[in-house]
Amino acid sequence: DEKFDTQEIVPVVKVGDTFIMELFHGKTIAFKDIALSILPYLMKNAEKNCDSREEIVILTATSGDTGKAALEGFKDIQGIRIIVFYPENGVSQVQKLQMVTQEGKNTHVVAIDGNFDDAQSAVKGILNDEKIRLELKSRNIKFSSANSINIGRLIPQITYYYSTYEKLVKDKEINRGDQVNFVVPTGNFGNILAGYFAKRMGLPVNKLICAANENNILRDFINTGIYDINRPFIKTMSPSMDILISSNLERLLYYLSGCNNNYIAGLMKDLSTNKKYEVNDNIKKKLNEEFWSSYCNEEETLETIKKVYQSYGYVMDTHTAVAYKTYEDYIYATQDQTKTVILSTASPFKFPGSVYKAIFGASDQSELTLMLSLSERTGLMIPKVVDGLGNKEVLHTRSCTPEKMTNEIMLILSEGQDD
């Protein structure tokens, strides 16, 4: 429908010998549009089926993409309010403008003085706070989330692994039953976990290749079985992957452990108290069977964008470039010739400054100006949803520290829905 700018919601483009799964054709030009276009309807139907009449307040932490997609998905839906927290200095100019210009009487956006991990940890704490929960229940309000910690956000993402496989079969690139690899730029581990669920459901997947940026905690974990967040947090040009605490990894470990709740609870306790944990040898073995991982630094990200454009005329964003370089590392290390799909999680126009710099060199122009320049010099059309973004009115100016997020939420709720 009108939520997507292509007839195929998830086009698949052949670039050299690989395939790019384009997940950025929705309202916010990022992959989370696909799940967050349907989550509000799933939620409203669940409420109806459960005969629940409480108002729902969606709490969401974002590293840049989830926030706008959630705001757009839940905008003006009756009986639901949404509050999004984003790191003030941890998103691109385009990402920030997309959020702070968001319309909708039920939408609220708050900048925090911290990073995504700070915001996500605070949201989790608030969702699990029994005192807050009881106070809101007395006011006929309950919390939910649009992050991938909400399984309803994650489940729809399974579908595009299947639709892409079917397209490869239809285009005679593979025969039905052939295995394929998927390369996923990964931060919170939700998108690649959806691929793991697809494989568990029967999709012929050979390897799930986890692509990390310089915050390469997932690469280290998959290769060693040790998850250690005692490391600096690095702000990169692929900000949606700037995450050290990957929530959905807990879900993966639950399944790899044979659904052993007590064991997983122990690991999470170690993470909370010691900032690290190590999984057992059985899980290490399963990780190596299912996944492969490498990482891409900032210089390699720029080089990859330029190389792919010069070789194939294809323009990719920074996150997709991290995945492409990781796939090159995989080929070099394994010589595996299995057909491979790279998940492109955002439009190059979401990060025009970095993409322009990679292809044409550094510029001191604003990202919005570079969006126009990138379009003119590559021939790509600027997506309608961000064309003219700089002319939109800023509607959200709230800010707080992570420690004050609870207070900010309560203040928003006390102001009513029509502020």
Side-chain angles (χ1 to χ4, degrees), residues 5-25 29-31 160-161 163-165 167-174 178 180-186 191 206-207 209 211 213 237-238 240-241 292 294-363 370-383:
D5 64 15
T6 52
Q7 187 169 3
E8 279 187 296
I9 291 174
V10 181
V12 180
V13 179
K14 191 170 186 180
V15 177
D17 293 328
T18 62
F19 301 88
I20 308 289
M21 184 199 302
E22 293 187 342
L23 296 167
F24 52 76
H25 290 281
I29 56 175
F31 77 100
Y160 46 68
Y161 285 91
S163 69
T164 296
Y165 188 90
K167 180 163 178 56
L168 294 182
V169 171
K170 181 181 177 182
D171 292 347
K172 297 184 171 23
E173 296 289 354
I174 60 172
D178 288 351
V180 295
N181 299 321
F182 290 97
V183 190
V184 191
T186 309
N191 208 7
N206 177 44
K207 281 286 183 183
I209 301 169
N213 65 12
M237 66 182 71
S238 47
S240 299
M241 300 164 69
W292 192 93
S294 183
Y295 85 105
C296 178
N297 65 33
E298 296 288 86
E299 184 179 346
E300 290 169 332
T301 301
L302 294 173
E303 289 173 353
T304 301
I305 294 171
K306 182 176 183 178
K307 179 177 65 177
V308 172
Y309 178 70
Q310 291 180 338
S311 299
Y312 306 108
Y314 188 83
V315 184
M316 57 177 53
D317 89 300
T318 49
H319 302 73
T320 310
V322 169
Y324 195 96
K325 172 61 171 59
T326 297
Y327 177 57
E328 290 181 326
D329 291 348
Y330 174 77
I331 290 294
Y332 181 79
T334 67
Q335 304 301 308
D336 179 21
Q337 297 302 306
T338 303
K339 292 287 178 71
T340 298
V341 178
I342 294 171
L343 277 66
S344 182
T345 53
S347 164
F349 289 102
K350 195 106 175 180
F351 308 94
S354 297
V355 175
Y356 187 93
K357 177 182 178 181
I359 300 174
F360 303 112
S363 171
L370 288 175
M371 193 184 291
L372 293 169
S373 299
L374 184 64
S375 174
E376 290 170 358
R377 297 190 68 170
T378 64
L380 281 180
M381 293 285 291
I382 299 174

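Along the sequence shown, residues carry numbers from 1. Just so we're clear, the structure is a prediction, and the values are computed from it rather than from any experiment. Quick note: numbers below take in every heavy atom, side chains included, and nothing from hydrogens, waters or symmetry partners.
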Looking only at non-hydrogen atoms, find the nearest pair between Asp317 and Ser347 and report the distance.
CB-O, 3.6 Å
Counting C-beta onward and ignoring hydrogens, is there a side-chain heavy-atom pair between His319 and Thr345 closer than 4.5 Å?
yes
Where Phe349 and Met381 come nearest, the two heavy atoms and their spacing
CE1-O, 3.4 Å
Looking at side-chain heavy atoms only, is the closest gap between Met21 and Val10 below 4.5 Å?
yes
Looking at Lys167, Lys170, Glu22, which one forms a side chain to side chain contact (heavy atoms under 4.5 Å, CB included) with Val12?
Lys167
Atom pair OH (Tyr327) and OG1 (Thr320), whose distance is rounded to the nearest 0.5 Å
15.5 Å
Restricting to non-hydrogen atoms, name the atom on Thr301 and the atom on Ala321 that form the minimum distance, rounded to 0.1 Å.
O-CB, 3.7 Å
Checking side chain to side chain donor-acceptor pair (under 3.5 Å) between Thr338 and each of Thr334, Asp336, Thr340, which is the one that passes?
Asp336
What is the distance from atom CD of Gln337 to atom CG of Asn181, rounded to the nearest 0.5 Å?
10.5 Å
If the test is side chain to side chain contact (heavy atoms under 4.5 Å, CB included), which one of Glu299, Lys306, Lys307 qualifies with Glu303?
Glu299
Heavy atoms only: give me the nearest Pro348-Leu374 pair and the separation to one decimal.
O-CD2, 4.2 Å
Shortest non-hydrogen separation from Thr318 to Ser238 and the atoms involved:
OG1-CA, 3.8 Å
Starting at CD1 of Ile20, measure out to CG of Leu343 and round the result to the nearest 0.5 Å.
9.0 Å
Sidechain-backbone polar pair: Gln335 side chain, Ile331 backbone, donor-acceptor under 3.5 Å
yes
Please tell me if the side chains of Tyr160 and Ile9 come closer than 4.5 Å, counting only heavy atoms from C-beta onward.
no
Any side-chain donor paired with an acceptor under 3.5 Å for Ser363 and Tyr356?
no
Contact check, side chains of Trp292 and Thr326, non-hydrogen atoms, under 4.5 Å:
yes
What is the distance from atom CD of Glu376 to atom CD1 of Ile382, rounded to the nearest 0.5 Å?
8.0 Å
Could you tell me whether the side chain of Tyr330 reaches within less than 4.5 Å of the side chain of Lys207, counting heavy atoms only?
yes
Just wondering, do Lys350 and Phe24 contact through their side chains at under 4.5 Å, heavy atoms?
no
Return the orientation label for the Tyr309 and Phe360 ring planes: parallel under 30°, perpendicular over 60°, tilted otherwise.
perpendicular
What's the separation between atom OG in Ser344 and atom CG in Leu23, rounded to the nearest 0.5 Å?
7.0 Å
If I compare all heavy atoms of Lys357 with all of Leu302, which pair ends up nearest, and what's the gap?
CE-CD1, 4.0 Å
Gap separating the OG atom of Ser163 from the CG atom of Leu168, nearest 0.5 angstrom
9.5 Å
Other residues, nucleotides, ligands: >12 heavy atoms within 6.0 Å of Lys339 NZ
yes
Residue pair Asn191 / Tyr161, side-chain heavy-atom distance below 4.5 Å:
yes
